[in-house]
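I have placed the structure first, in the form of structure tokens, so that the comments after it can refer back to it.
Note that the coordinates shown come from a computational prediction; the quantities given were computed from them, not determined experimentally. Every heavy atom of this structure was used, including side-chain atoms; hydrogens, water molecules and symmetry mates were not.
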Amino acid sequence: MVKKKLREIDHFAVRSHRGILTDKNQRKRMIHLQKGLLGESEIVKLLKRFLPISWLMLQNVWLEIDGSQTEVDILIIGPKFWWVIEVKNYEGNFDYRGNRCYLNQKQFPDQISACRNRVRIVEHIASKMLHRQPSVYCSIVFANELCQVTTESEIDYP
């Protein structure tokens, strides 16, 4: 039996539909999650248009290893590599400096480290499935045309 994990946005949507989503911060979080899903759907449309049909594309994949759990926005499984894609639908200035992420000058969790962790988990799972270590790559895609991305130096990460 396949268990589908309900997403945070699913819980908010039900509560909103029932008229019991009254907390201002939770409504703000729901809007943030909705924007993220919109960005993801735009990137998925693009990928479907250009990726070879033989490649497998999975969305919102929950992975766990040694108690460490993460969600991958898009996972592409090709013949020679696996590709983790994280989609960000941020508006404003995204800045990565000193191994810290800032959006509109406010620090928030390090998205680069989060991607490294996702790749580590995907590598581990893929090597167990395939009995060999596939190449795993990660991309962060900024889907919002109103997002300006800057880094103080090149990010040392494939």
Verify whether one side chain among Tyr96 and Asn99 offers a donor that lies under 3.5 Å from an acceptor in the other.
yes
Which atoms form the tightest heavy-atom contact between Ile140 and Cys115, and what is the distance?
CG1-SG, 3.5 Å
Got a salt bridge between Arg120 and Glu123, using NZ or NE/NH1/NH2 to carboxylate O under 4.0 Å?
no
Within 6.0 Å of CD in Gln133, more than 12 heavy atoms from elsewhere:
yes
Working to the nearest 0.5 Å, report the span between CH2 of Trp83 and CD1 of Ile74.
8.5 Å
Do Arg116 and Arg118 have side-chain heavy atoms sitting under 4.5 Å apart?
no
Establish whether Leu146 and Val87 are linked, either directly or via other cluster members, by ILVMFWY side-chain heavy-atom contacts under 4.5 Å.
no
Shortest non-hydrogen contact from Asn144 toward Tyr90:
CB-O, 3.0 Å
If we only count heavy atoms from C-beta on, is the Asp73 to Gln59 side-chain gap below 4.5 Å?
no
Quick one: does any side-chain atom of Asp110 pair with a main-chain N or O of Cys101 as donor and acceptor, under 3.5 Å?
no
Is it true that Leu46 and Val141 fall in one hydrophobic cluster, defined by side-chain heavy atoms closer than 4.5 Å?
no
Would you say Asn60 and Glu71 are linked by a side-chain donor-acceptor pair, where the criterion is simply a distance under 3.5 Å?
yes
Within this structure, what is the CG-CG distance for the pair Leu75 and Leu58, rounded to the nearest 0.5 Å?
5.5 Å
Test of ring centre spacing under 6.0 Å for Phe81 and Trp55:
yes
At what distance, to the nearest 0.5 angstrom, does CD of Gln148 lie from CD of Glu91?
13.0 Å
For atom CD of Gln105, decide whether the heavy atoms of other residues, nucleotides or ligands shown that lie under 6.0 angstrom number more than 12.
no
Residue pair Gly92 / Asn104: nearest heavy atoms and the distance that separates them:
CA-OD1, 3.2 Å
Test your reading of the model: is there a side-chain donor-acceptor pair from Gln111 to the backbone of Pro109, 3.5 Å cut-off?
yes
So CD1 of Ile85 and SG of Cys138: to nearest 0.5 Å the spacing works out to 8.5 Å
Distance in Å, Ile112 CD1 paired with Asn117 CG, rounded so as to fall on 0.5 Å steps
13.0 Å
For a quick test of reading the model, state the closest non-hydrogen atom pair linking Ala126 to Pro134 and the distance between them.
CB-CG, 3.4 Å
Find out whether Asn93 and Thr150 are in side-chain contact, i.e. whether some heavy atom of one side chain is under 4.5 Å from a heavy atom of the other.
no
Going by the angle between their ring planes, with limits at 30° and 60°, are Phe94 and Phe108 parallel, tilted or perpendicular?
perpendicular
List the steps, then state whether side chain to side chain contact (heavy atoms under 4.5 Å, CB included) holds for Ile43 with Lys45.
CA-CA 5 Å; Ile43 298 305; Lys45 280 187 222 173; over 6 Å; no
Please lay out, stage by stage, how Trp82 and Leu130 fare under the test side chain to side chain contact (heavy atoms under 4.5 Å, CB included).
CA-CA 12 Å; Trp82 292 32; Leu130 303 172; 4.0 Å; yes
Treating Ser41 as the side-chain partner and Leu38 as the backbone partner, does any N or O pair qualify as donor plus acceptor under 3.5 Å?
yes
Once rounded to the nearest 0.5 Å, what's the spacing between atom CD of Glu40 and atom CG of Leu47?
11.5 Å
Carefully, step by step, assess Leu63 and Val122 under the rule side chain to side chain contact (heavy atoms under 4.5 Å, CB included).
CA-CA 8 Å; Leu63 303 171; Val122 169; 3.4 Å; yes
Specify the closest pair of heavy atoms between His131 and Lys128, including all atoms of both residues, with the distance to one decimal.
CE1-O, 3.5 Å
